[in-house]
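Inspection log for the structure reproduced underneath, given as structure tokens.
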Protein chains: 2
Amino acid sequence: MDQNHLSEEEFLKQYNVGDYERPSVTVDMLFFTIFNKEYEDIRKLPEKELQLLLIKRNGHPYKDSWALPGGFVNIDESIDDAVYRELKEETNVEDVYFEQLYTFGDVDRDPRTRVISSSYLALTNRENINAKAGDDASDVAWFTIKKTDIEMNEEDHKKTYYFNIYSQEKGIDIIYKIIEKTTYDQYVPNKQYEFIPVSEEKIAFDHIKIINYGLDRLKNKIEYTPIAFNFLPEYFTLTELQKVYELILGKELLKANFRRKIKQVVVKTEETTHEVGHRPSSLYTFNKNYQTLF
Amino acid sequence: MDQNHLSEEEFLKQYNVGDYERPSVTVDMLFFTIFNKEYEDIRKLPEKELQLLLIKRNGHPYKDSWALPGGFVNIDESIDDAVYRELKEETNVEDVYFEQLYTFGDVDRDPRTRVISSSYLALTNRENINAKAGDDASDVAWFTIKKTDIEMNEEDHKKTYYFNIYSQEKGIDIIYKIIEKTTYDQYVPNKQYEFIPVSEEKIAFDHIKIINYGLDRLKNKIEYTPIAFNFLPEYFTLTELQKVYELILGKELLKANFRRKIKQVVVKTEETTHEVGHRPSSLYTFNKNYQTLF
DNA sequence: ATAATAGTGTCTGTCAGACAATATCGT
DNA sequence: ACGATATTGTCTGACAGACACTATTAT
């Protein structure tokens with residue numbers, strides 16, 4: 001019995017949700033894949049690119065800007081279910097690794113109304129994906145993501161780099177300049193985003209911030225979890241795996257050291273690559289019984 | 001102009017939020033401090049305990065159970081602002097480190113209505129805090145948190161431990177048994193919570209899950225960020241700092257090694273402890289110009 | 001002297017970074 | 001033979017874990 005002499009059952013029966021204003025809750029998805037860019041010289045291995053799925057907005061606000069796919073969380077589905085549903089709706093894939101990133105809840109994120117958005121990271125290899133434009137989108141495209149360091153000041157705890165989001169196929173090039181500063185009183189770096197106008201194309205809402213947040217997570221997690229394997233097919237070469245790591249970490253690795261490191265995480269198969277114009281490579285699989293990663 | 005021939009300004013003017021059902025959004029706060037438990041023998045150093053603030057629920061549901069402090073996110077405030085406001089309301093502190101943990105959004109979290117909750121970690125040292133019971137609470141208390149390993153099976157990727165939440169002062173003892181399993185197809189361990197009834201007292205909602213999530217984050221982050229310093233006053237001894245680390249990590253550390261490790265992160269002052277019944281210790285401060293942590 | 005804590009030196013094994021050397025395929 | 005990639009061996013320095021030893025205070 002509570003102070004109104006109601007049992008829990010009675011209380012829930014008479015409970016009224018109330019009609020004060022509630023924010024809308026949405027999910028935004030960072031759907032990353034790795035794209036193999038083939039060379040004309042078949043003896044050379046394809047170059048890998050980190051790509052992100054963006055949709056072109058059909059209506060206001062941010063009309064004609066590129067936004068993360070996503071949508072509202074329905075009243076009768078969990079946040080994870082909403083992500084699952086949206087992934088299936090927009091890309092027709094079901095079996096994709098995803099994880100929650102961060103929930104963005106600033107008041108002025110969306111000029112229409114108050115929107116709180118949980119961002120999610122989704123990773124897969126490029127096969128079987130057919131992204132299609134939904135109601136709210138006039139176009140869908142995979143964008144290559146690249147960061148280029150401009151300046152690194154160790155003493156100052158300051159880091160400046162270009163953030164390049166482009167689609168060669170569509171002829172779109174979007175550039176932001178990002179300045180990261182770690183101040184004395186907080187160890188979470190402060191990030192400042194500046195749009196560099198090279199064309200009319202832009203990233204909608206605060207999505208550039210979310211994209212960068214996702215890249216940071218990816219970079220951290222690849223060091224101590226096996227997320228990298230989500231980007232690759234079941235069988236892959238060690239050079240392919242290494243290139244995934246190099247792409248996410250943004251630096252080159254030494255082959256011998258990399259192989260020593262991931263030895264316990266992969267299993268060698270009898271199969272090799274064929275007709276590649278050079279020494280064939282053994283194919284490996286992910287070792288599901290790895291103890292610790294690295 | 002969009003498909004209805006409206007400019008962005010016109011669009012926003014006529015935009016209607018719509019009246020479909022929206023979930024409620026709340027924040028739940030994990031407010032951790034470290035408590036110094038003094039010994040009668042003044043020559044012995046106080047033992048440190050990790051403590052968490054919980055409130056006793058006044059009404060249904062989970063009446064008389066212990067819950068995390070928190071509340072609704074208002075329509076005109078950011079999630080962080082809501083946390084800031086709640087922290088001030090419930091504990092009257094303003095200058096506290098906090099960070100977002102995870103947003104829990106299962107459909108059946110709260111029997112009253114659909115509630116999506118962002119959990120936050122808040123850390124401070126115990127001074128100047130006066131928690132008070134709010135409207136929805138009949139009591140507030142600091143609970144000591146302890147984990148005791150029962151079983152660790154390396155091959156099986158299985159870990160079992162007791163999760164003990166108690167207040168000696170109030171004579172309350174709450175125990176859960178947690179089983180963590182890492183299965184082949186996912187590297188995020190699956191956690192199973194079992195309430196061990198030693199008394200009538202319980203943890204409300206899914207808050208035991210949130211508490212455990214926060215402890216995991218704390219354990220991870222203490223290794224590569226200076227969060228530990230939030231638990232200590234401005235000046236502290238290295239033994240105190242080490243005990244904070246031991247508490248969070250759940251294992252003893254070797255003094256010489258610990259000191260070598262944190263050398264660059266602290267600054268030695270001229271001051272020492274006084275009248276402690278043994279050799280006095282130098283007092284140290286956090287070095288704000290640390291380059292990397294460990 | 002003893003209890004209790006503070007503070008330092010050093011041995012050892014592990015591991016990451018760097019680099020070198022050898023192997024195998026197609027043209 | 002050459003171009004391209006595959007695969008393995010090993011030297012070195014940094015660093016974490018373990019342990020031992022010395023120092024200083026109050027009772």
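Heavy atoms only: backbone and side chains are in, while hydrogens, waters and symmetry mates are out. Naming convention: chains lettered A, B, ... in sequence-line order (proteins, then strands); numbering from 1 in each chain. Quantities reported herein were computed from a predicted structural model and do not represent experimental measurements.
Distance, A:Glu275 CD to C:dT24 C1': 15 Å, rounded to whole Å. For the pair B:Leu238 CG and C:dT8 C1', the computed distance is 13 Å after rounding to whole Å. As a whole-Å value, the separation of A:Arg259 CZ from C:dA20 P is 18 Å. C:dA18 atom P lies 12 Å from atom CD of A:Glu252, rounded to whole Å. Distance B:Phe236 CZ to C:dA6 P: 14 Å, rounded to the nearest Å. In this structure, B:Leu253 atom CG and C:dA6 atom C1' are separated by 17 Å, rounded to whole Å. We find that CD of B:Glu240 is positioned 12 Å from P of C:dG7, with the value rounded to whole Å. Between B:Ile262 atom CD1 and C:dA6 atom C1' the separation is 13 Å, expressed in whole Å.
Atom-to-atom distance recorded for B:Thr124:OG1 and B:Leu53:CG is 12.0 Å, nearest 0.5 angstrom. Taking CD1 from A:Ile34 and CG from A:Leu50, the interatomic distance works out to 5.5 Å, rounded to the nearest 0.5 Å. We find the CD-OH distance between B:Glu99 and A:Tyr102 to be 8.5 Å, quoted to the nearest 0.5 Å.
Each of B:Phe236, B:Phe286, B:Tyr290 was compared with B:Val266 under the side chain to side chain contact (heavy atoms under 4.5 Å, CB included) criterion, and only B:Phe236 meets it. The residue from A:Tyr97, A:Phe31, A:Phe32 that alone fulfils the side chain to side chain contact (heavy atoms under 4.5 Å, CB included) condition with A:Leu121 is A:Phe32. With respect to B:Leu247, the side chain to side chain contact (heavy atoms under 4.5 Å, CB included) criterion is satisfied by exactly one of B:Lys48, B:Gln242, B:Glu47, B:Lys146: B:Lys48.
For the OP1/OP2 pair of C:dA6 and a distance below 4.0 Å, the side-chain nitrogens and oxygens of B:Ser282 include no atom meeting the criterion. Distances shorter than 4.0 Å separate some side-chain N or O of B:Ser281 from OP1 or OP2 on C:dG7. Put simply, A:Thr239 has a side-chain N or O that comes within less than 4.0 Å of OP1 or OP2 on D:dA6.
At a cut-off of 3.5 Å, with distance as the only test, a side-chain donor of B:Tyr193 or B:Asn212 sits close to an acceptor on the other residue.
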Protein within reach of the bases, or only the backbone? For nucleotides 12-23 of chain D, mark each nucleotide 5' to 3' as B, S or -, using heavy atoms under 4.0 Å. ----BBBB---B
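For the contact set between residues 33-46 of chain A and DNA chain D, defined by any heavy atom under 4.0 Å, the members are A:Arg43, A:Lys44, A:Leu45.
Take A:Asp173 and apply the side chain to side chain donor-acceptor pair (under 3.5 Å) test, not counting sequence neighbours, and it matches no residue.
Residues B:Phe231 and B:Asn125 approach most closely at O-CB, 2.9 Å, considering heavy atoms.
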